[in-house]
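These notes concern the structure reproduced below.
Quantities reported herein were computed from a predicted structural model and do not represent experimental measurements. Reckoned from all heavy atoms, side chains included, excluding hydrogens, waters and symmetry mates.
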Amino acid sequence: MERHLRQIALNEIGETGQSRLRGARVLVVGAGGLGSPLIAYLAGAGTGNIGICDYDTVSISNLQRQILYGENDTGLPKAVLAAGKVKATDSSLHATAHNLKIGPGNAAGIISGYDIIADCCDNFETRYLLNDLCLSSGRIYVFGAVSAFSGQVSVFGYGSRPRSLRELFPDPPEEPSSPMPITGTTAGITGTVMANQILKIICGYGTVLSGKLWIYDSKKEESSIVEL
C-alpha cells in the first residue's frame, strides 16, 4: 500500500485498480529503446506478471536510449537483464525472461501466458504475427514504433470493435537497410505512452487509443491523433 500510495489515491485507480494491476499479465516483445521505459513503468506501477521477450544482447550503441542497461551489461542478454531490473524494482513481482527470437513456431505458445502484448519490436513480419495471434485469441495488442524524431502508438484487439494493425498498414512499410537513427528521448516518450495505455486498459479508466493512432514529433514538440 505504501509503495503505490500515490496512484491508489487516484479515484480512477484506487485499491481496485491496484489489485487489477497485481493480477495483470503483460508480455513486452523487445527490450530496447521502447521496451526499456515501458518495462520500468509497468514494474513501478506494480504490474504483477511481466514477460520480456528479446534474443539480443546489450551493445554500447544501445546505451544512448535503452535506459535499463549500463556499460557493465554489454554482451549480456537483454531479456534476462530486464527481468532482473523488474525484480530489483519490486521483489514481489513475477518477471519472466524469454531469451529467444519470437517467430511462427513459438509465438502462440509464448503469448498464451499473457493477456496484453506490447509490441516494441523493429520489423513488420513480427508485428503482423503478433497482431494476428492477438486478434484470433482475444488478446490486446499495444503497438509502438519510433524513428528519428517520430513516435507512434495505437491499441488493437480492444473494445467493442477490435481493430487490426492491418487496417493501419495493409502492406508492410519498407524496412530500413541500416541502423535506424533515433533520439533517445523520442523512444522514452513513446514507450511511456505505451505504458500509459496498458495501465488504463488494466485499471479501466480514461481514453484508450483503440481505433486511433497517436503520432508524436519530438523535434517540433507536436502530437496528433489520427482516426483509423
Side-chain angles (χ1 to χ4, degrees), residues 20-21 23-39 41-42 45 47 49-54 98 101-104 106-147 150-175 180 186-187 189-217 223-228:
R20 290 175 180 170
L21 282 166
R25 305 182 301 169
V26 180
L27 176 67
V28 180
V29 182
L34 286 175
S36 288
L38 172 55
I39 292 164
Y41 278 108
L42 289 179
T47 308
N49 300 272
I50 302 173
I52 300 114
C53 185
D54 199 308
H98 301 277
K101 185 174 183 178
I102 197 166
N106 60 16
I110 294 171
I111 74 168
S112 65
Y114 303 92
D115 304 309
I116 300 174
I117 311 302
D119 174 8
C120 302
C121 64
D122 58 2
N123 68 87
F124 268 83
E125 181 180 358
T126 305
R127 293 187 189 278
Y128 284 143
L129 174 64
L130 294 174
N131 171 79
D132 296 347
L133 286 172
C134 285
L135 288 178
S136 65
S137 62
R139 289 174 169 79
I140 299 168
Y141 169 56
V142 179
F143 163 84
V146 285
S147 175
S150 177
Q152 298 180 355
V153 175
S154 189
V155 176
F156 302 101
Y158 176 80
S160 59
R161 187 196 168 194
R163 308 299 291 270
S164 170
L165 177 68
R166 293 183 183 274
E167 295 177 59
L168 179 61
F169 296 107
D171 299 303
E174 185 177 348
E175 302 284 3
M180 186 170 50
T186 304
I189 291 166
T190 306
T192 302
V193 171
M194 293 179 71
N196 194 44
Q197 293 302 301
I198 292 171
L199 297 184
K200 289 191 288 186
I201 290 167
I202 294 170
C203 296
Y205 70 89
T207 301
V208 175
L209 290 169
S210 177
K212 302 175 182 179
L213 177 68
W214 175 83
I215 303 172
Y216 177 63
D217 185 329
S223 63
S224 60
I225 293 179
V226 176
E227 299 281 345
L228 302 185

Write down the atom of [X], the atom of [Y], and the distance for their closest heavy-atom approach.
| X | Y | answer |
| --- | --- | --- |
| Ile50 | Tyr114 | C-CE2, 4.4 Å |
| Ala187 | Val146 | CA-CG1, 4.0 Å |
| Leu165 | Phe156 | N-CD2, 3.5 Å |
| Leu21 | Ala45 | CD1-O, 3.6 Å |
| Leu129 | Pro104 | CD2-N, 3.6 Å |
| Ile202 | Arg20 | O-CD, 3.3 Å |

Nearest 0.5 Å, what's the [atom1]-[atom2] distance between [X] and [Y]?
| X | Y | atom1 | atom2 | value |
| --- | --- | --- | --- | --- |
| Ile111 | Leu27 | CD1 | CG | 8.0 Å |
| Ser147 | Asp122 | OG | CG | 11.5 Å |
| Gln197 | Ile140 | CD | CD1 | 11.0 Å |
| Ile116 | Ile201 | CD1 | CD1 | 5.0 Å |
| Ile39 | Asp54 | CD1 | CG | 8.5 Å |
| Ile198 | Cys203 | CD1 | SG | 11.5 Å |

**OP:** Begin with the C-alpha distance, continue with both residues' side-chain angles, and end with the deciding distance and a verdict on side-chain contact (heavy atoms from CB on, under 4.5 Å) for Tyr141 and Arg127.
**Re:** CA-CA 10 Å; Tyr141 169 56; Arg127 293 187 189 278; 3.7 Å; yes

**OP:** Test side-chain contact (heavy atoms from CB on, under 4.5 Å) on Asn196 and Val153 and set out the steps.
**Re:** CA-CA 11 Å; Asn196 194 44; Val153 175; over 6 Å; no

For the pair [X] (side chain) and [Y] (backbone), establish whether a donor and an acceptor sit closer than 3.5 Å, ignoring hydrogens and angles.
| X | Y | value |
| --- | --- | --- |
| Arg139 | Leu133 | no |
| Ser210 | Tyr158 | yes |
| Arg25 | Gly113 | yes |
| Asp119 | Thr126 | no |
| Ser150 | Asp217 | no |
| Gln152 | Leu213 | no |

Taking the side chain as C-beta and beyond, is there a heavy-atom pair between [X] and [Y] under 4.5 Å?
| X | Y | result |
| --- | --- | --- |
| Thr47 | Tyr41 | no |
| Leu38 | Val142 | no |
| Lys212 | Thr207 | yes |

**OP:** Kindly indicate, with the supporting measurements, whether the criterion side-chain contact (heavy atoms from CB on, under 4.5 Å) is fulfilled by Val29 and Ile110.
**Re:** CA-CA 10 Å; Val29 182; Ile110 294 171; over 6 Å; no

Subject >> Aromatic plane relationship, Phe124 with Phe143 - under 30° parallel, 30 to 60° tilted, over 60° perpendicular >> reply: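 Ring orientation, 0 to 90° scale: tilted.
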
Original post:
Does a donor on one side chain sit under 3.5 Å from an acceptor on the other, for Ser164 and Arg166?
Top reply: no

Original post:
Is the number of heavy atoms from other residues, nucleotides or ligands within 6.0 Å of CD (Glu125) greater than 12?
Top reply: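 Not more than 12 within 6.0 Å, no.
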
**OP:** Please test Leu42 against Val28 for side-chain contact (heavy atoms from CB on, under 4.5 Å), starting from the C-alpha separation and ending with a verdict.
**Re:** CA-CA 10 Å; Leu42 289 179; Val28 180; 4.1 Å; yes

